[in-house]
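The next block holds one structure in the form of structure tokens; read it before the comments.
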Amino acid sequence: QVQLVESGGGLVQAGGSLRLSCAASGRTLSTYPMGWFRQPPGKDREFVAAISWTGSSTYYADSVKGRFTISRDNAKNTVYLQMNSLKREDTAVYYCAAYGRLRYSAYLPSLPDEYDYWGQGTQVTVSS
């Protein structure tokens, strides 16, 4: 059984920064692509970023490109999302997810249905 636990969310002023972490347990996910999604209030879950199993390839939604950085530490079985220059529209519950169906894959999924494991989410609120 895989468990993903996000942390690092909170309340921040517009223009500020936060760093989210996603720790995996129960199974090593170091050989699988990982992703971050978010769900703003009253909206559907949307893709934020994905990272290959090596960490050498990344993919971002246009709305966060240049402001957010996804990274991973496979030795710690942890994925991170560094969020800079935060805007009010970044307010959402942020989820990490693991693409667990194919090891060593270079594919970077961007659809929620492509991911197999999900964390419980962490709230990020950006105030003006």
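Atoms considered below: every heavy atom in the structure, side chains included; atoms not considered: hydrogens, waters and symmetry mates. None of these values were measured; they are calculated from a predicted model.
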Could you state the interatomic distance from [atom1] ([X]) to [atom2] ([Y]), rounded to the nearest 0.5 Å?
X: Q13; Y: S128; atom1: CD; atom2: OG; answer: 8.5 Å
X: D113; Y: R45; atom1: CG; atom2: CZ; answer: 10.5 Å
X: Q120; Y: L4; atom1: CD; atom2: CG; answer: 9.0 Å
X: I51; Y: S57; atom1: CD1; atom2: OG; answer: 8.5 Å
X: C22; Y: R72; atom1: SG; atom2: CZ; answer: 10.0 Å
X: S127; Y: R88; atom1: OG; atom2: CZ; answer: 8.0 Å

Can you list the steps and then say if D73 with T78 is a side-chain hydrogen bond (donor to acceptor under 3.5 Å, both in side chains)?
CA-CA 5 Å; D73 184 338; T78 301; over 6 Å; no
Passing option when Y107 is tested against Y59, Y99, W53 for side chain to side chain contact (heavy atoms under 4.5 Å, CB included):
Y99
Quick one, E89 with T91, criterion side-chain hydrogen bond (donor to acceptor under 3.5 Å, both in side chains). Give me CA distance, side-chain angles, the key distance, then yes/no.
CA-CA 5 Å; E89 52 264 42; T91 294; over 6 Å; no
Could you report the tightest heavy-atom contact between [X] and [Y], atom names first, then the distance?
X: S30; Y: N74; value: O-ND2, 3.4 Å
X: A49; Y: L81; value: CB-CD1, 4.4 Å
X: A24; Y: L29; value: CB-CD1, 3.6 Å
X: L20; Y: G9; value: CD2-N, 3.6 Å
X: Q82; Y: S17; value: NE2-CB, 4.0 Å
X: D116; Y: R101; value: OD1-NH2, 2.9 Å

Report the C-alpha separation of E6 and W36 in whole Å, then their side-chain angles, then the decisive distance to 0.1 Å, and conclude whether the side-chain contact (heavy atoms from CB on, under 4.5 Å) test is met.
CA-CA 10 Å; E6 302 95 337; W36 284 95; 3.9 Å; yes
Applying the 4.5 Å side-chain criterion to the ILVMFWY set and letting contacts propagate, would V64 and L86 be lumped into a single cluster?
yes
Could you walk me through whether Y115 and F37 satisfy the ring pair (Phe, Tyr, Trp, His ring centres under 6.0 Å) test, starting with their C-alpha distance in whole Å, then the side-chain angles of each, then the deciding distance to 0.1 Å, before giving a yes or no?
CA-CA 11 Å; Y115 285 84; F37 288 76; 5.2 Å; yes
Test of understanding: with side-chain contact (heavy atoms from CB on, under 4.5 Å), list the residues that count as partners of K65, not counting sequence neighbours.
Y60, D62
Residue list, side-chain contact (heavy atoms from CB on, under 4.5 Å) with A14, at least two apart or on another chain
V126
Step by step, would you call I70 with V79 a side-chain contact (heavy atoms from CB on, under 4.5 Å)?
CA-CA 7 Å; I70 187 171; V79 178; 4.0 Å; yes
Are E46 and P40 side-chain neighbours, meaning at least one heavy-atom pair lies under 4.5 Å?
yes
pair S21-S7: side-chain heavy atoms closer than 4.5 Å:
yes
Can you name the residues that form a side chain to side chain donor-acceptor pair (under 3.5 Å) with R67, not counting sequence neighbours?
D90
Apply the test side-chain contact (heavy atoms from CB on, under 4.5 Å) to residues W118 and V2: give CA-CA distance (whole Å), side-chain angles for both, the deciding distance (0.1 Å), then the verdict.
CA-CA 9 Å; W118 292 85; V2 175; over 6 Å; no
Apply the test side-chain contact (heavy atoms from CB on, under 4.5 Å) to residues M83 and Y94: give CA-CA distance (whole Å), side-chain angles for both, the deciding distance (0.1 Å), then the verdict.
CA-CA 11 Å; M83 305 185 296; Y94 283 72; 3.8 Å; yes
Do we get R38 above Y95's six-membered ring, with its NZ or CZ under 6.0 Å from the centre and within 45° of the axis?
no
